[in-house]
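Single-structure report; data block below.
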There are 2 protein chains.
Amino acid sequence: MLPELKIQPLRCVLAIVDAGGFHAAARQLHRTQPAVSMAVRELEQRLGEPLFEKGGKSVLTPFGAYCLPRFRELITQHDRLSRELVAQVQQQVGHVDMAAVPSVASRVMPRLLNDFIQRHPALRVSLQDGNADFVRQLVAGGEVELGLTSLWQKDDDLDFTPLMRDAVGVVCRDDHPLAGQEALGWEALQGQVLIRNGTSRLLEGSDAEPLLAESAFDISNMISLTAMLVSGIGITTLPRLAFPEEYERLRFIPLVDPRVERELGLLRPGRRSLSPAAQAMEAFIIEAFGETG
Amino acid sequence: MLPELKIQPLRCVLAIVDAGGFHAAARQLHRTQPAVSMAVRELEQRLGEPLFEKGGKSVLTPFGAYCLPRFRELITQHDRLSRELVAQVQQQVGHVDMAAVPSVASRVMPRLLNDFIQRHPALRVSLQDGNADFVRQLVAGGEVELGLTSLWQKDDDLDFTPLMRDAVGVVCRDDHPLAGQEALGWEALQGQVLIRNGTSRLLEGSDAEPLLAESAFDISNMISLTAMLVSGIGITTLPRLAFPEEYERLRFIPLVDPRVERELGLLRPGRRSLSPAAQAMEAFIIEAFGETG
DNA sequence: ATACAGTGATCAGACTTTCTTACCGGCCAT
DNA sequence: ATGGCCGGTAAGAAAGTCTGATCACTGTAT
């Protein structure tokens, strides 16, 4: 029904007009003159109306003059889109939505993102944080493209790339009897007021599991947890990265018997692929941790 | 440098998404499934990034999802332009600029234009009037596409199609001695107060030329001329079409010895071609006068 | 006046792109 | 297992596009 306007012939018309002739246009388009001539003729036939006057010189018909600005507009839009897509693919511009668990978001991401935007100044990043399960949901649901988290359960639809191990330790106030220790075994904690938190299930399956049964509270919110620790009500276990260093009165003592670690890594959709910008981010993160860890 | 996005492959992507598969899209596009498949692959290679996930089902990649609305937009604009140009060519819409000498503009054009817009309801017409020379200039300069006028001088760059002949007669007030005549010869005018006007040079070269030497005034403005005639100051000669019938006191008496006629016709650029809308107008006018005269 | 340098148009052949037909391998439900 | 559906692949036909050589025309300079 409607004729398809290809971009090349339109470009020919444009070139003929502003180069002032078929030969000049051909030179400008790196084509031969017959190619230009035939492209125009083909276009004219498709439209059913000549664009250039027949007699000698390259003068537009009234219909051609009518078409010219419209051709120019379509070409402009085509080129804009083409450029935009290429830029996306080449990771020169774009947007990455990602998520991370709070400890990573606050302790790892600032440097990481800073370095990232140094290398990719035109890429934009959105980062949200949440607990490991929330991050997993976001990635699985496609709401973010990448997650930085620890993996609790295997999921066939998700790819997990381990990046770093994060050892669990005991956190207490500086005046606590255990505060001076260099390292601790789990037996030393028996009888203490232990506060459970969101990371406590790391101990499940380890030798320290019996401690969980003793815990008096279960506080998931980090602010509340630190408040309780600072007030000296009890102690807790946390991975080192999750230990809030900015609280002067809190101490972190590595747990060495048993050693318990969580594995932090990059979570991405397994079946779906990533946007070019997210690919850049993925490569950057893996490279960054490949160097340091 | 930048890849050329052809419309067809983009349409394929669109069809695949909203038909929900390659086969369905192929049916919708009246192509075979491999054609669709290959078109997409070609496009992906050109962009350097897959649009659809590789695993089985037709699911867009994030990049594909990013592209989709942009493809849709480009296609929409392409189709809009294509439709618009076809409508122009088929004379369904458009605009004609034309000019006519006042007598034609006021006595012929009203009916003509009315009939024209009946047949071409979506075509717009601009009409301006002016004397024959002005009309010729407008057509020659390309400011209007068509002129309705009489041709004074041959011009190689202009085509003139005769449409009607317009006989010159004598115009006088109803109480003038000549007013009762059915027809007149030029000798009957000798000794009368003759007012020249813009059409008087029609008499040049005819037997009645001696009259011009006797003329007392030369009034080019029609309003002034009729005022003088109505006041009974003198008489003049006019082609019948230029005779202002709305003045009850004026009479038109055909000049039969010699018969002097002007030839009114359609003036159009000879070298340049016409816009589709103007072509419709030209054909319409020639057809209309072919019937009646 | 003649020759010439410029224009765009034309044609045959090579090349590229695009389509169709026929077939393959994977997946899912019966 | 098997039939039906999916999309991908291969080979050949068809259509489109480019080049190089050549033509016809025009205006200009000799």
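Bear in mind that the values here come from a model prediction, so they are computed numbers and not experimental data. Every chain is numbered from 1 and lettered A, B, ... according to where its sequence line falls, protein lines coming before strand lines.
The shortest distance between the side-chain N/O atoms of A/Ser58 and the OP1/OP2 oxygens of C/dG8 is below 4.0 Å. Phosphate contact (OP1/OP2 of C/dT17, side-chain N/O of B/Lys6, threshold under 4.0 Å): absent. Phosphate proximity of D/dG7 to B/His23: present, with a side-chain N or O under 4.0 Å from OP1 or OP2. Close to C/dC19, at under 4.0 Å from its OP1 or OP2, lies no side-chain N or O of B/Thr32. Note on B/Arg31: every side-chain N or O is 4.0 Å or more away from OP1 and OP2 of C/dT18.
Side-chain contact between A/Leu148 and A/Leu266 is present, with heavy atoms from C-beta onward closer than 4.5 Å. A heavy-atom distance below 4.5 Å is found between the side chains of A/Val125 and A/Phe116. Considering only heavy atoms from C-beta on, A/Glu44 stays 4.5 Å or farther from A/Glu49 through its side chain.
Residue A/Gln33 is classed as a base contact, given a heavy-atom separation below 4.0 Å to a base.
Listed nucleotides: D/dT19, D/dG8, C/dA9. Nearest to the side chain of A/Ser37: C/dA9.
Between the CG atom of A/Leu5 and the C1' atom of D/dG16 there is a distance of 16 Å, given to the nearest Å. Nucleotide C/dT7 holds its P atom 13 Å from the CD1 atom of A/Ile16, rounded to whole Å. Straight-line distance from the CZ atom of B/Arg46 to the C1' atom of C/dT18: 12 Å, rounded to whole Å. Between the CD1 atom of A/Ile7 and the C1' atom of D/dT17 there is a distance of 17 Å, rounded to whole Å. Rounded to an integer number of Å, the gap from NZ of A/Lys54 to P of C/dA9 is 7 Å. One can place CZ of A/Phe22 at 13 Å from C1' of C/dT10, the figure rounded to the nearest angstrom. When the C1' atom of D/dG12 is taken as reference, atom CE of B/Met38 falls 11 Å away, rounded to whole Å. Whole-Å rounding puts the B/Leu43 CG to D/dG8 C1' distance at 17 Å.
Using modelled atom types and a 3.5 Å distance limit, the side chains of B/Glu145 and B/Gln279 yield no donor-acceptor pair.
A cation-pi arrangement is present between B/Arg70 and B/Tyr66 under the rule of less than 6.0 angstrom and at most 45 degrees off the ring axis.
The residue among B/Glu42 and B/Pro34 whose nearest nucleotide of DNA chain C is located toward the 5' end is B/Glu42.
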